[in-house]
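As the structure is a prediction and not an experimental result, all values here were calculated from the model.
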Amino acid sequence: MKPGVLHLDPSGERFVPDPRFAKWFPAGVNTLPLESDDNGRFWFQVRRDDGNFEVGCLDTRGAGPPTWTPLPEGINAALGFSGARSLIYVHEGQREFLWISGTRSTARLDLGAPIPQTAPPEVVISEVTRGTRHWRPQSDPLRLAFSREPLRLLFSSPSAVTAAVKYETRLLGYDAKWEPAPSPEATYTNLYGGPFTLEVRARDPLGRTGGVARTTFSVAPPWHRTPEAYTLYAALAAGAVFGFIRWRLGHAERERLRLSALVATRTTELATARDQAEAANRAKSAFLAAMSHELRTPLNGVIGYAQIMQTDTRLAADQQERLRIVQLSGEHLLRMINDVLDLAKIEAGKIVLRPAPFAPAELLRDVAAGHAPAAARKGLAFHLDIAPDLPACVEGDAQKLRQILDNLIGNAIKFTATGSVTLCVTRGNAGSSPSAPDSELMQFSVIDTGPGIAEADRTRLFQPFEQAAGASGGEPGTGLGLSISRALVEHMGGTLSLASEVGRGSTFTFTLALPHATAHSQPATGAPHVSGYEGPRRRVLVVDDHAVNRRLIVDLLGPLGFDCAESTSGADALARLTGDAAPWPDLAILDVRMGGLDGLALTRALRAARRESGMKILLMSASVFTYDREEGREAGADEFLPKPFRTAELLEKIGTLLALRWREAADRSPPPASDPTTSSPIPAAVRAALREALAQGDLEAFRVALEQARRAHPEAAGHWHALETAVGGFQLSRLRELLG
C-alpha cells in the first residue's frame, strides 16, 4: 500500500487516499505522524531536502491553495534525531494544544500563545587538570611544567540542563580553527611552549552561539629543548667539527706523503715505460721501413714489367689480360702494404698534405671509373651523382682525397651483395666562413644498400684492424681502410661520419673546405700514349744496387729515345761522373737506399761538384716510411717517386723535369683499314648515349653500350676500335676526346 493520508472506503473493505489531502500532497509523500482538527488543518512531519525532519501545519481552510507553516525550529530540534513519533490535537475550552512526542522529549504547544524566547547558551571553563593536580582558571596565565601526562581543560554550560548543547573549541597559538568537542572537555598531550589560549563556545539546537570563554596558559619545554640544552648541543657540535678538521688535516698530510712517494715511484716506472715504448717504436719503425723496402722492391719489378709487357703488340689479347691480372694483383698487394705504412705514419704524426690544383669533377669520374668494373662484376649498380655546379678547379691533396674515396667505395662494393653503391658530391657555400673565406665547401657521401652496421660495431669499426661483426667480402682486407680514411679526413680539416641501419645500408659522409684555384694543365698520362719526345736526345743515368730496378727503368726509357746508362752503386756513379770528361746526363735517377754511398749522400756530392749545373735529380725509394722529402730537397733533389711506380707517373715527372713534349704512339693507332678518318662517323644518338654512360663513370655499362653500337653500326669500325682500346686502358681523357 502506498503511504499517504487514507480513509476507510464506505464499503468497509479497503482504505483509499483522502481526496482532500491528495489534492495538495500526492500519495507517496511520507506524512506520518498525522493529526487533524477536523476543520481543515493538518499537522504532520515531512523530510526536508537537507535530510532533517520538520513538523508543521497545512491549512486548507481558505479558498486558495493550502499554506504550510512549520513549527518553531526549537521544537523540531528538541524532539530528537528522528523527529516526531506521535502528534495529538487537544481542544480545551477556548484553547488549543498540540502534544508532540519524540525520542528525546515530549512537548506541549499552545497553538494560541506565542513561543517564549530564550537567550543563547553561555559556557564556563571550570578546571584545568593533569594527573592528580588541579588548577582553577585565573586572570594571570597559568605556567605549567612539561609532563607526558595529558592536560585536560573542563568546561560546561548552564543551558545544557534544559536543551541539547554542543560545544566548539580552539587553541590559539596552536590552531585557530574551531573544532567540535564530543564532550565538555579539551585534552592535549606532549604540548609545550606558548602562551596558548583555549577558547570555548556553546551552540543550542536553534544554532545560536553564546559568548566565548577563554583561559591562557603556557607549558615549559622538555629539558632537551631548553636554551641550556641547545647551548650544550652547539658546544658538542663545535668540538666535533674541530676534532674532525684536525683528523682530516692529519689524514690529508699522511695522504700527501703517501701520494708523493707513489708519484715518485710511478714517475720512475713511467720513465722506464717511456724508454721501452720509444725503443719499441723505433724498432717498429725500423721493421716497417725494412719490410717496406724489401716488399716494395720486388713489387716494383712485377708491376713495372707487367706495364711494359702490356704495351707489346705481339702479345695476344688473352695474354695481355693475364698480364693485367698480374699487375692488378701486385697493385692490390701494394695497397695493403701502403695501408699498414699509412697507419704507421698516422700514429707517428708523419702524414703531410701536399695541396695542388686539381679538377674535382675529373677526379670523381676517374675514381668512379676505377670502381665501376668491380661493382659490375658483383652485379651491383654504381651511380655517380655530382652536383652540376661544382667548381672547375680547387686546391687540395688530390691523392689523399682519392685514397679516402677509394677506401670508402671499395668497402661499400666489398660488403654489398645486392643493390647499388652511390658516390654523391654536393657543394655548399663556405665563403661566409671567416676561417676560409675563399674556400669551396664540398660534401662527399658514399651510399650503399648493404647489410648495414649495428650500433655496437660503429665505434669499433674505426679502430685499426677491426671490421663489423659478421662482415664478409669477396676480397681479404687489413681492416685499416676506415681508420686511415678517418685520420686523413680529420687531417684535411673534416669529420667522417656514419649513418646506418641494419638491413637497409650505410652512408659515410665527410665535408671538406677546398680553396679555389685556377685551371691547371693536364700532365702526360701513361705509356700507351707515348712513343717518344721531341727535341735532342736526352741522357739518363740510373743508379740502383738492384739490377731488376735498373733494367726496368732502362727498358721503359730506352724505347722512348733516351740514352740510358747504369751504375750499380753511389760510389761507382760518383767516380764515373767526376772522372769522365763526357757531358753529364740530363737526368740522374737515384735510389735512396743503397749500400755505401746512398742516394742522399750521392745527391749532395753531385750538387757540390762543379759540372752539375744543368742536371736534374729524381730520387726513388721503396722505403717511403722513412724518407723525408724535405731532407731530399735540402740535399738538392728535384723530385721524388716512390716504388713501385706507374709508368705514367714516371713519364710525367721526367717530362716536367726536362720540359719534354711527348709524341703520341704511332704504333698504337688503329690499322689503316679501320682508320676513324676513313670510316663512317658515329651516329649522333649513339655518340650522345656513350657520352652519357661515360659521364656516369660506369665503364661496364659503357662497354655494353659500345658493343651494342659496334654490332648495330659496323661501318664505323675504326671508331669502335679506338674506343675499345681506350676503355681497355681506362683512358678516360682519351674516351672524352674520341666522343667529342
Side-chain angles (χ1 to χ4, degrees), residues 281 284-285 288-289 292 334-360 363-364 366-367 390-391 393-412 423-428 430 433-446 458-467 477-499 506-517 623-633 640-642 649:
N281 193 46
K284 181 186 74 171
S285 299
L288 289 174
S292 171
L334 178 61
R335 283 195 299 271
M336 297 180 69
I337 296 172
N338 288 337
D339 283 347
V340 176
L341 293 177
D342 285 342
L343 179 64
K345 286 183 179 181
I346 291 170
E347 292 177 345
K350 293 185 177 181
I351 288 291
V352 178
L353 297 179
R354 295 179 175 83
F358 71 93
L363 173 67
L364 295 171
D366 289 346
V367 170
L390 285 184
C393 186
V394 295
E395 183 173 308
D397 194 328
Q399 181 180 359
K400 297 291 190 300
L401 178 57
R402 179 188 291 270
Q403 184 176 1
I404 296 168
L405 295 175
D406 283 342
N407 282 335
L408 297 179
I409 298 173
N411 280 348
L423 172 58
C424 179
V425 184
T426 59
R427 65 175 295 191
S433 174
S435 60
D438 296 327
S439 297
E440 186 70 39
L441 195 65
M442 298 177 61
Q443 178 175 291
F444 302 83
S445 300
V446 177
R458 294 180 190 175
T459 302
R460 181 176 58 83
L461 196 64
F462 289 97
Q463 300 300 321
F465 306 104
E466 292 285 352
Q467 292 185 350
T478 59
L480 296 175
L482 289 179
S483 175
I484 293 172
S485 296
R486 184 176 68 172
L488 292 178
V489 169
E490 292 175 352
H491 208 66
M492 298 173 73
T495 301
L496 179 60
S497 62
L498 166 63
S506 305
T507 300
F508 289 87
T509 303
F510 64 94
T511 303
L512 299 178
L514 302 175
H516 293 282
S623 302
V624 295
F625 183 75
T626 57
Y627 177 75
D628 188 349
R629 291 177 181 265
E630 289 299 324
E631 185 179 6
R633 291 193 184 94
F640 173 77
L641 182 65
E649 295 173 342

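- Here Ser445 pairs with Thr509 under the side-chain hydrogen bond (donor to acceptor under 3.5 Å, both in side chains) rule; sequence neighbours left out.
- In this structure, CG in Leu401 is found 5.5 Å from CZ in Phe510, a value given to the nearest 0.5 Å.
- Residues Leu390 and Glu440 fail the side-chain proximity criterion, which asks for heavy atoms closer than 4.5 Å.
- Interatomic distance, CZ of Phe444 versus CD1 of Ile404, reported as 8.5 Å (0.5 Å rounding).
- Side-chain contact between Val394 and Pro357: absent, with no pair of heavy atoms (C-beta onward) separated by less than 4.5 Å.
- At a threshold of 4.5 Å between non-hydrogen side-chain atoms, the residues Leu512 and Met442 do not count as touching.
- You'll find the side chain of Leu496 stays beyond 4.5 Å of the side chain of Leu488, heavy atoms only.
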Between Lys400 and Val489, is a side chain to side chain contact (heavy atoms under 4.5 Å, CB included) present by the stated rule, with each step listed?
-> CA-CA 9 Å; Lys400 297 291 190 300; Val489 169; over 6 Å; no
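- Residues His516 and Glu395 are not in side-chain contact: their nearest non-hydrogen atoms beyond the backbone lie 4.5 Å or more apart.
- Distance check, rounded to the nearest 0.5 Å: CZ of Phe358 to CG of Asp366 gives 11.5 Å.
- When side chains are defined from C-beta on, Arg427 does not count as touching Leu441, because their heavy atoms never get closer than 4.5 Å.
- Note that CG of Asp406 and OG of Ser485 are 9.0 Å apart. Values are rounded to the nearest 0.5 Å.
- Side-chain contact between Thr507 and Leu498 is absent, with no heavy-atom pair separated by less than 4.5 Å.
- Counting heavy atoms from C-beta on, the side chains of Thr511 and Thr495 never come closer than 4.5 Å.
- Leu364 CG to Arg402 CZ: the interatomic distance, rounded to the nearest 0.5 Å, is 9.5 Å.
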